[in-house]
Amino acid sequence: MKKMSLWLDYERDSHIVELNKNINTDVLIIGGGMTGMTTAYQLINSNLKVVLIDQNLIGHGVSSKTTGKLNYLQENIYTSIKNTFSINEAKLYLKSQKEAINQVNEIINTNHIKCDFEWTNSYLFTNNNEEIKRIKNEKKLLEQMGIDVQEHKSIEPNLKCKYAISVQDTAVFHPIKYLYALKNICLKNKIEIFENTKAIKINNIKDGFIVETTNKYKIKTKKIVVANHYPFFLSLIHI
């Protein structure tokens with residue numbers, strides 16, 4: 001048995017560059033997972049110089065350990081948001097999740113990315129009688145927010161449950177294939193990507209920041225996008 005992520009059991013990317021000099025940039029993105037690579041992609045036509053660094057290889061952090069689902073059905077998140085804030089905040093969160101799924105689909109279609117993307121149903125289910133009411137409340141709230149929700153007493157293929165709900169407009173994909181494609185698109189559009197390059201200190205300066213790396217080189221930047229594990233950066237900022 002291989003003790004590795006299913007997504008990493010895939011052809012390796014041969015184009016790996018480490019930072020080997022001091023550089024200047026307009027925007028530095030720290031982290032090459034789903035958030036970092038998507039940010040880089042969205043900045044392609046910004047007329048800004050963009051650099052992305054990752055302490056490991058692109059997609060080999062949290063993104064390599066995800067389920068590969070693009071799903072807005074997440075436990076009782078909407079009931080929780082409504083009870084903590086209001087239904088308006090719950091609607092905003094739902095909108096953000098659906099827009100994220102549609103954005104990935106649009107990027108895939110625009111760039112003809114082969115990453116096993118497939119529309120599929122998502123389910124929320126239980127075998128515990130005490131949880132049925134909670135799921136029914138979530139269903140009712142989703143319907144109030146305009147979502148078509150189906151009820152089930154079993155889930156194909158032959159997964160028995162006491163109660164389940166499902167939605168249709170969700171998807172699955174191969175996150176590493178997707179991220180490798182984004183990387184190649186960014187490189188072709190003159191976004192610099194340095195892997196095996198870890199940020200170890202962020203220093204404030206008058207017109208931006210200087211980021212020190214384990215490679216012993218520095219990156220001077222006007223803006224920083226932190227797209228990696230929280231809260232590592234809190235200890236790196238020196239004012």
Sequence neighbours excluded - ring-ring contact (aromatic ring centres under 6.0 Å, His included) pairs with any residue from residues 128-167: Tyr123-His152
Under-4.0 Å salt bridge between Glu18 and Lys198: no
Salt bridge flag under 4.0 Å for residues Asp169 and Lys98: yes
Test item: Arg134 and Thr79 side chains (from C-beta on) under 4.5 Å apart, heavy atoms: no
Whichever hydrophobic residues join Leu92 through chains of side-chain contacts under 4.5 Å: none
Salt-bridge present (Lys139, Glu143; N to O < 4.0 Å): yes
Glu212 side chain to Asn203 side chain, donor-acceptor N/O pair below 3.5 angstrom: yes
Non-hydrogen side-chain atoms of Ile147 and Leu94 separated by less than 4.5 Å: yes
Salt-bridge criterion met for Lys136 and Glu151 (N-O under 4.0 Å): no
N-O pairing of Lys177 and Asp116 below 4.0 Å: yes
Check: Thr170 and Leu70 side chains under 4.5 Å, non-hydrogen atoms: no
Salt-bridge criterion met for Glu192 and Lys49 (N-O under 4.0 Å): yes
